[in-house]
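Have a look at the structure below before the remarks.
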Amino acid sequence: MPERIELPDTEWRRVSPKYIVVDVVGYLVTALVIVGAAAVPTVLAGWTWGWWVVGALAAIFLLTIALTPRRVRAIGFQLREDDLLFRRGLMWQRFVSVPYGRMQLVDINRGPVARSVGLSELKFVTAAAATGIVIPGLPEGEADALRDRLVELAESRRAGL
Amino acid sequence: MTDPQPPAAPEPMTSAEPQPAASVQQDAAVHQDAPAQPSAPVSPTAERLSDGEWHRLHPATPLLKGGIAFLAVLGVVIVNLRDVLIEMFISGQRQDDPLLWVWEQGYLPIALAGFAVLLILFMVGFYLSWRFHTFRITDELVEVRSGILFRTHRRGRLDRIQGINIVRPLVARIFGAAKLEVNVAGQDANVQLSYLASGAADDLRREILRLASGVQREAVQQGADAPLATAQPGLIEKRVGEFLAPELDPNEAPPESVVKMNPGRLIGSILLSESTIILVLVLIGIVVFTSITGELFALLGFIPAVIGLAGYTVSRFTKSLRYSIAATPDGVRVGFGLLSVSNETLPPGRIHSLQIWQPLLWRFAGWWTIRVNRASRSTARAAAGQENTTILPVGSRDEAIKVLGLLLPDLGDEQQTEMILRGLEGKGGDDGFVNSPRRAAVLRWFSWRRNGFAIIRGAILLRKGRIWRELVIVPPARMQSVALHQGPIERSLRVASVNVHTVAGPITPRLGAVDAEVAIRFFGEVASEAVHAVSSDRTHRWRSGETPA
């Protein structure tokens, strides 16, 4: 398998390792719901092949959860001179660059699990829905500082639509 | 309500009608040239309407908006009544008709009184809704207030205008009224002024665009000393003149910048569309089925579909027939419609991405169609009944290039045109585009030779498709962000895909199966190109650089 894509001249800022906990908890809940939904009819109807489906689903979720630390380490961002660079993904890699002037708004969200470990999620919104920059796992203070910095940068490089 | 005028003498835009000069008989042909007043862009009416005060709409608005439906209901009742009478006299049979019942029970006076009350209530309602519907245009904003019980107040920022649409439905056209729709960025974010007097709508649009462009009034009024409409023709002549006037006023744009629809090509394009072919195939299938089995039910079931499709085709045809696109000082004007006409002016820099595309069957004729992504969605439909994102329903290659030049004026020079032509018809190879490597043939079976990109001055070109050829053009000044993707299959082939993000629309500028190394470089180049373009872009106030005279 050839090398993964790596951008030249980049120094990524990584997200907090505590985000692994948040992500794992999220996947566990989803896994419980979906595997449970598959298991209930299997038990009730007594299908033997149903257990194969349940097993396969459980295996997929286990693999996803096992890869979470690496996936979280793959999330990164960098404030460059004129644009924000963001990356995420292991199997499906995604790099996004967005000029600061394109910012329409910045959201800061805190889910229940993230809040319990003191993390926030920052969402950078442009006029294009496809931009999709969501930086999870930022310590609360850092997220607020980053938001203020981004707003300041966007103000200084104000652009039309 | 800041407007102090009494309701009986509102402030309509009927610049010509009530004046005594209306009785002066004039040749209708003279009138055709009169309303444009090319040398006097700021007509007194428009200036009055855009003075920042609150104004009311055309007094016939309630009639045009709701009255037509009311008349239609009345018509249905009368037709129904006639049927009942005919049946009574001819067959002597009586039916359980509510109207008949009313007649027999002697409730007719009560029914008539009720009807009259209803009519009066409607009229009062319409009158009030007209009275409460006001608008104003300032240097920064266009605002509309409406509603009797539930008030709405809508404001649009002038520097966010994405286009101004003037729609004249058939009935409104007969009455000499027009609907002005100011589209600002956003989903369904349009400020509607319906209805205005026809000529006033044109003037007002010019005036709003002038305010939005950021140019000083003095700069425009240069040469505005030409006399205004020399004489007012009679009311009937005026209407007839408006009705028969060419879709695009010849004074509005220089003739060499105009692209018009060729009727033969329009018919051909409809016949050669994929839906027509499918229809023909289905028809053949059904005829074969019927002749083999002798059953007619399949044929019967097909009739509604044929009627529907025929209706669609006819409306598509009549709408596109008088299509025209032309350059005006404040942007591109796209007009269409035979009976109900509509035309929209798009200021410069409002095209977020553009796609020149060729359905397979059009290839033999060499026709292309142009679609765009825009930041606003108008409620009005464009030519061919399509979304108003289709700018050129069908055109030859030269016309497509010409329209492209109008939409993105930065792409005018020979070198750029050469690249765009290669983007349209190039077979691939070493032609200035960076194409997919041979190993990408797994992902792009036929098109890998041609599947590529190029960055030229003022545009990013994405060339795709061997069978359904298309070229996507994104001006870096409008692009929002850029992304580089790689999935597991792409990784094993050492390729990647690049997405250029623009506002939502029919086009998704995406190029897959690019060599991974090249894609990384392309990503970097597009990102820096975007940064430069953003910092030098001035199109939100497109004429602000012009110095006042």
Side-chain angles (χ1 to χ4, degrees), chain A residues 1-10 12 63-64 67 71 74 76-106 123-135 150 153-161, chain B residues 159-160 162 184-186 349-350 352-353 373-376 476-488 490-505 508-510 516-517 519-521 523-524 526-542:
Chain A
M1 204 75 167
E3 290 271 296
R4 286 203 176 77
I5 288 185
E6 201 46 68
L7 295 187
D9 316 320
T10 41
W12 299 104
L63 190 71
T64 314
L67 280 172
R71 214 176 30 246
F77 63 96
Q78 187 188 2
L79 301 179
R80 292 202 292 195
E81 177 73 30
D82 294 298
D83 61 348
L84 169 69
L85 204 59
F86 173 72
R87 69 175 291 175
R88 75 178 303 163
L90 271 178
M91 284 278 268
W92 281 273
Q93 277 190 292
R94 182 168 193 271
F95 297 83
V96 188
S97 145
V98 45
Y100 296 123
R102 290 301 185 213
M103 186 189 96
Q104 299 293 324
L105 59 95
V106 178
K123 192 172 172 190
F124 188 99
V125 181
T126 70
T131 301
I133 293 187
V134 180
I135 309 175
L150 285 172
L153 284 166
E155 277 298 321
S156 66
R157 291 164 178 76
R158 215 180 163 74
L161 203 58
Chain B
D159 65 343
R160 284 285 186 262
Q162 302 295 313
V184 287
R350 264 61 178 174
H352 287 251
S353 65
N373 274 6
R374 301 175 43 192
S376 68
R478 294 277 78 77
M479 105 187 203
Q480 301 294 321
S481 53
V482 57
L484 176 69
H485 289 262
Q486 192 183 46
E490 289 174 306
R491 183 144 72 101
S492 67
L493 290 165
R494 280 182 291 123
V495 295
S497 54
V498 174
N499 280 23
V500 182
H501 301 143
T502 68
V503 297
T508 311
R510 176 178 191 277
E517 292 296 311
I520 292 172
R521 261 204 331 271
F523 174 77
V526 171
S528 66
E529 191 75 21
V531 168
H532 287 304
V534 166
S535 57
S536 60
D537 181 47
R538 291 286 168 270
T539 44
H540 62 288
R541 289 281 192 193
W542 62 95

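Order of the sequence lines fixes the chain letters, A, B, ..., with proteins taken first and strands second; residue numbering starts at 1 for each chain. Computation of the quantities below employed the complete heavy-atom set of this structure, encompassing side-chain atoms and omitting hydrogens, waters and symmetry-equivalent molecules.
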Heavy-atom contact with chain A under 4.5 Å, split by part of [X]:
X: Thr502(B); answer: backbone
X: Ala496(B); answer: side chain
X: Glu490(B); answer: neither
X: Arg160(B); answer: side chain

Q.
Counting only heavy atoms not in Glu517(B) (residues, nucleotides, ligands), do more than 12 fall under 6.0 Å from its CD?
A.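 No, CD of Glu517(B) has 12 or fewer neighbouring heavy atoms, counting only those of other groups under 6.0 Å.
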
Q. Nearest 0.5 Å, what's the CH2-CZ distance between Trp92(A) and Arg71(A)?
A.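 Reported to 0.5 Å precision, the distance equals 11.0 Å.
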
Proximal component of [X], with respect to chain B [non-hydrogen, under 4.5 Å]:
X: Arg4(A); result: both
X: Glu3(A); result: backbone
X: Ile133(A); result: neither

Q: Using distance alone, with no hydrogens and no angle criterion, decide if His501(B) and Ser481(B) have a side-chain donor and acceptor under 3.5 Å apart.
A: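 The answer is yes; a qualifying pair exists.
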
Q. Salt bridge or not for Arg478(B) and Asp537(B), using N-O below 4.0 Å?
A.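 Yes, Arg478(B) and Asp537(B) are salt-bridged.
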
Q: Compare every heavy atom of Arg80(A) with every heavy atom of Tyr100(A), then report the nearest pair and how far apart it is.
A: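 That would be OH-O, 2.7 Å.
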
Q.
Below 4.5 Å, heavy-atom pairs only: which of Ser97(A), Ala130(A), Pro99(A) has the largest tally toward chain B?
A.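 Most pairs with chain B among the choices: Ser97(A).
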
